[in-house]
Amino acid sequence: MHDIISQTGLSKDAAASSCAVEMTGISKSFGDVRALDDIAFSLQAGEVRALVGENGAGKTTLMNILYGIYAADEGVIRLGGREIPHSWSPREAIRAGIGMIHQHFALISNHTVLENIVMPLLKWREISPSWKSHAKRVSEICREYHFQIDLQSRVEDLSMGERQQVEIVKALYQGAKVLILDEPTSVLTPQQTEALFRFLLILKKRGHSVVLVTHKLDETMQISDRITVLRGGKLIGTIEREQANPQIIARMMIERDWIARLKVAPLPDSAAVVLKVRNLSLNNEQGIRVLDDLSFHVRAGEIVGVAGVAGNGQVELSDALVGLRRVQQGAVEIEGINSTRHTVLQRRKAGLVFIPEDRHHRGVVLDMDIAENIVLNTISEKPYSRYGVLRSQVITDCAEEAISAYSIKTPGCRVPVGNLSGGNQQKIVMARALLREPRIIIACQPTRGLDFGATEYVRKKLLECAQRGIGILLISSDLDEILELSHRILVMFSGKIVSDLPVDRVNLDQLGLLMAGHGRNNQLD
Amino acid sequence: MRKRHFSFIALLLVLGLFTVMVLGCPAPADDAVAEPDPVEPDPVRVGAIYSIPDPARGGGWDRAQYAGLKTLETEFGWELSIAEAVEFPKLAETAAEFAERGFDIVIFTSSAHVDAWKEVAPQYPDTWFLLMSVTETLPESDNVAAWVPDMYVYGTMVGALAAMASETGTIGAIGGMPIPALKLMYSGIIEGAKAINPDSEVLVDWVGDWVDVPKHSEVTRLQIERGADVIFAVTGPGTKGVLDGAEAGNALVIGYAADWYDDAPGAILTSVLVDTPPMYRELAEAFNAGTLTKGINQLTAVNFTLADFRGKLPDAEAQIKETIAKIQRGEIQIPRVMHELE
Amino acid sequence: MSEGWLAPFLLATLRAATPLIFCALSVVLAERAGVIHIGVEGVMLAGALAGLLGVVFWGDAYVGILFSLLVGLILGLLLALITVYLPSDQVVTGIVFNIFSLGVTSFIFRLAAEKNAAVQALIPVMPGSVFGLSPFMVLALVLTVFMWWFMFRTGPGLKIRSMGEDAHAAHAAGINVVITRMLILTAAAALSALGGAALTIGWVRSFTDNITLGRGFIALAAAYCGRWNPLLATAACILFGAGEALAFRAQAAGEGLNPHYFLMIPYLLTLLVVAVAGKGRAPADVGRPYVRR
Amino acid sequence: MQAKSGTAMMLNSYGKRFWDLPVAVPVLSLLLSFLVVAVMAVIFGVSPGTLLGALFEGALKGRFAMASTVKETIPLALASLAVYLPYRAGFFNIGGQGQLQVGAISAMVVVLNVSGPPLMVVTLAVLAAMMAGLLAVVVPLLLKIKRGASEVTTTIMMNFACIQLVNALITGAMKDASAFFGTTLPAPEQYRLPEFTLGVTVHIGIFIALLLVAGTYWLTSRTTFGVRLKAVGSKPSVAEASGIAVKKMIALAVLGGAACAGLAGGIQALGVVYRVAEGWSKGWGFTGIPIAFLAGKNSLAIIPIAFMFAILETGARYMQFMTGVPAALIFVFQGLPVLVFVSLNAWRSSKPNKIER
């Protein structure tokens, strides 16, 4: 394996003078966790570099150190050959020509686009900035790179894609020579991703360096010149794109071969409908229609995938199905019983459980221990409590059982969930959902942010559930996952279902177009 | 679980530490008991109760009483402890604490303490409970006595003084709250002023509390707007606001009970003093002789004197002093008329 | 009422409003930068005492003001160290600080009174006072306009507001949140102290224990009532001042409601504004301690 | 990787260094505060030993002092429950003082206007006190639940509105005409809380307080209510997805807490002070905040901590009149330890922010 990996990250032949960034011996610990261990990373001017690795590999941490968000415990950073001062902050990073676009955008949502773009450049002594000339120059940049943003609108009114453009313009306006993008495509359609990549290539031509932090191998192969792989806080190596292929990179990332695709078992025709949704419509708090006349059904043992770019109503759909939001129109039937007006609790008792999109937002309470989290849904029911009084022993036993059944890595069942890794937290969410055999699972992005092992585990578990006759609605923006697991695929765009097809009739190119709102599938039933 | 209990035990430990500190600290009271002076008997222990902080410099009556209390210490060698800033609901408890801790005499300094006085005195028959302010009745026990100033007479003297000093004929009288003792006094002011100048008008305003300095200042300014040029006020720490308001409006202030000159040399005309040391001497001598008896001792006009004018109204000073002396001697008779002052 | 009624009433209103304005502006400043400033009452009290002592011991109103500012800066730095640098809970710290300040100011005032009897006497009227209004009044109005301009029309103002909206985004935009918030809180505390000085030096010329009597909290109410906008906050202060002036008058006139009902108005009005405006334009990140990850 | 850190964290909290013991911070903050107060005593010309000795002697020596301290503990414990319970649901109730005041005045309204068997009237008065406390928090609660308005703002505002309302009543409609201060009439003898002697003489409010604190402990640690409350307090969105009625839970905890504050007022009015007067309340509602905060996750700790604050409160008087220090010194005693405590705690639990250049 090592014969194909040239350790260019450390190689002497990279000319030091053309090195935009050189990081050596970088180490960083959070508490007792060693997030980065003696990392070396160098970046030439005018290259696009992919920084890949599993979740928790340390990619974002490394870049945050470069950008001054974190301070490294050890190590040296040189920019253009000069060592950075000990007190390194985003302010100084910006001045040195480093721009970073975080996965969660660092924009003040209450301020206007122009204010957000200009603010990092303002000095404290600049009492009265000349907004007009700033606006003029920002508009020039927008024109140059074909961005269309209204500079006077508030960021909170923009879409995710637009916000990303604001972030990029902001970085460019600050004169960024090195642009770090952290998982930039996670909120974009394939077409928007294409546009972004074209834009990155323009940047590269003009001598900018780009670091693309990602875990998507296709992107990595598509755009980058070189690929640096981190694993578990350690540098595995840097290879040229020409020498790489997805298998090689995957092996570097996970230390084992590319996993064979899982396959969903065919669905018997006789399977009964467990979840039926009719003409569901929902307005959000601002009165905007976010779900528009949705109708579909899920049969026992069926996995129905809902594909779509994040922000097209998926969250609202799952919330409406689970009972977290009141719908304006339409009906939700669970096993033939109209449950539209039922509460979360009633629906769960009817057999509908929820694997939420955002573990920390909807999934686990980090301050509470594992046992409490596992029985949280069923705490008021026998045998976990009687007359409102907890039965600690029963709860502990139940948690111990789940810990061994799901092989959750923990020193005990009374450890706060916040101390566990994301994968183990997701297992707890699964364990809770499956504690009482459900009839329907609403699974939203069940593997987002998980590493390979955990992803594989969760997917297997879902397939098992389907095999047992549980109907599953799988909402995911990961197309691979949807294609791999689903019997049937719905595509959501702008609150509507624009396509409903069995998996074997799905065409990947068309799917991308549908997700981007281009065209409508005429075979919609 | 274990951790929670652990922190709980830790807290108990802290409490234990406190207890050790308590036992370890030399208690002053214990020393006094443990080492009695073989020659002299234990000094008499007096506890005095104030509702205001810093009575040495506080409101008029309190300040006057403080001067009297000090004579117990300086002239009789008694041990004096002063409880200050005792909130209204804690008065009885504080008096009881003095009694519990073996004090011989407990002194209440304000007419607002009457309820607490009546509540506590019967419970501790071996302790004397004295009230140094207005009251009409005594608690139902034998261990009590009161030195009661005749507030009406005091008022007439203030009223007469104010009427003579006023050019507009309008006199401002400000009180913290409409308590009976003040209504009595302000009725006296009205009658006293009338006796000198039948056309005089007395504006009586209640601030609504005893402490809010800015509010007192504004009420005073308001009275000056309405024509008052001589102001008299009985209130608590808020008195400073009266002084400020009066000085800002070029009005003169008559100080209550103690000499207020140093607090606002520009505004103080004079003060009508309450001469307290004699009554404290009286009580101390009676106590030492064992002749202290239940009863109300009246303080009359002779106990009230004028402070130095210090150059204010030089032309009128002599005449004013003469008139006041006449009231003291009873040569000017002022009728007792109660006014409704709400 | 007579025709001469309006002018004195307005003067009384402005006198009552002036200390409030400084304190309300300090709350606006601190909370726009994302730090809850409940300690305003305590700092105001300390500033009131410091101002008076400055005048008594150094004999000049302006020295008093400077001394008050200095004390405000020191206390602000203390609060900033605890709530921004460490950081611990801003609300608990503020409330406990108020209790602490009440104790310390009373103690120091007593000590000073034992050393120098003059602290009990009225201090001279502040030079430049007209119609019972001190120069503080003018300063308060100038500061209000300045603060509004500074907050909403300047670069530094934009940066400060961004910290109140999203501290982590502000950090990513190159703002040193910890230092800046500390400086802002220190400056805000200096303003609160100035409010105290406006009370003692500019108005009643004396000090007693707890002389502020909750005026800091009224200023807090004014800042909230004014939705963290300096102009509106000052307007609220003047409104509350008018209420206070009206309460004196209604009482002196011996008619109308119990003055305590008047004193409820600021708080009820603030509740009403909160109810109507909802989350409104409150700084989104206020009260959340910033921890650099 | 992170699981390992969990284990490490657990080991650390049982570590042997003094700094890591839970007792370290409270002890250090007390010692530091005593040091400051000792310095202040020296400045004032009193020996620190005498000062502290008098403080504790005044609070603990003798049955009378002990009884005062125990009686003082009751409202403090209840007022801190008023902060503690809502805080578990993520609601920072600063309105304890106002709730306590209206609770007390409501209890007085009942005992002054209703006549009947003492047991009935007192029960009614106590219920009225709880009810009033509860009503005083309704507006902030609704604003929080319906409009998402910060309860810190609204409860502070309600506080002062309630305090002014009570002041208006005791200087106006309910004023005892013969009294020198604004005050209600005293509660009739037969409608006061019964007292009993067990070493020291205290009123039965002590049982109510102990029962409520113990009940809160049981409720939060042993019942489904407690688990749900914890979920709501630490992550409402997760609780909601778990089928917990979040708003109902918040409302229950907040109303329960406010009722405790009202109860504190009622008990204090009927058991100790027998009337509501100006300055009758010594800010128990405010003192409840640091007590609840110091108690942390364990509601049982409220009792010893409230007792500690009661020691400061009652000992202060004796300390003041025996040594002549200003009574206000006690506010330093009340404020400083908590200030030091939160600072030390923050310092220890998370490393302080690095100061960048």
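Residue numbers begin at 1 in each chain, while the letters A, B, ... track the order of the sequences.
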### Task
Verify whether the ring centers belonging to C:F100 and D:F331 lie closer than 6.0 Å.
no
#### Entry: Minimum side-chain heavy-atom gap D:L165-C:H260 below 4.5 Å
no
### Winner by heavy-atom pair count (cut-off under 4.5 Å) against chain C, out of D:L339, D:I163, D:V325, D:V139
D:L339
### Message
So which residue, D:A327, D:A168, D:S343, ends up with the most heavy-atom pairs under 4.5 Å with chain C?
### Response
D:A168
## Note on the structure
Max heavy-atom pairs within cutoff under 4.5 Å with chain C, candidates D:N167, D:L143, D:T171, D:L329, goes to D:N167
### Under 4.5 Å from any heavy atom of chain C - which part of D:I156
side chain
### Query
D:V342 versus C:D89: any side-chain heavy-atom pair under 4.5 Å?
no
### Task
Below 4.5 Å from any heavy atom of chain D, which atoms of C:I108 appear? Answer side chain, backbone, both or neither.
neither
### Pair C:F107 and D:F44, ring centroids less than 6.0 Å apart
yes
### Interface moiety of D:F333 toward chain C, non-hydrogen atoms closer than 4.5 Å
neither
### Message
Non-hydrogen contacts under 4.5 angstrom with chain D: give the residues of residues 263-272 of chain C involved, or none if there are none.
### Response
C:L263, C:M264, C:Y267, C:L268, C:T270, C:L271
### Message
Does any backbone or side-chain atom of D:I330 lie under 4.5 Å from a heavy atom of chain C? Answer side chain, backbone, both or neither.
### Response
neither
#### Entry: Minimal non-hydrogen separation, C:A221 against D:M157, with atom names
CB-SD, 3.4 Å
#### Entry: Contact summary for D:A346 and C:S88, nearest pair of heavy atoms
CB-CB, 3.7 Å
### Query
Can you tell which of C:V92, C:L220, C:V286 has the highest number of heavy-atom pairs within less than 4.5 Å of chain D?
C:V92
### Task
Before giving the answer on side-chain contact (heavy atoms from CB on, under 4.5 Å), spell out for C:I38 and D:V152 the whole-Å C-alpha distance, their side-chain angles and the decisive distance to 0.1 Å.
CA-CA 10 Å; C:I38 289 184; D:V152 171; 3.9 Å; yes
### Query
What pair of heavy atoms forms the shortest contact from D:G335 to C:I99, and how long is it?
N-CG2, 4.1 Å
### Task
Calculate, to the nearest 0.5 Å, the distance between atoms CH2 and CG belonging to D:W347 and C:L81 respectively.
9.5 Å
### Message
Please give me the minimum heavy-atom distance between D:A149 and C:V274, naming the atom from each residue.
### Response
CB-CG1, 3.4 Å
### Task
Indicate the ring-plane relationship of C:F217 and D:F286, choosing parallel, tilted or perpendicular according to the 30° and 60° boundaries.
parallel
### Query
Is chain C contacted by the side chain of D:L336, its backbone, both, or neither, given a heavy-atom distance below 4.5 Å?
both
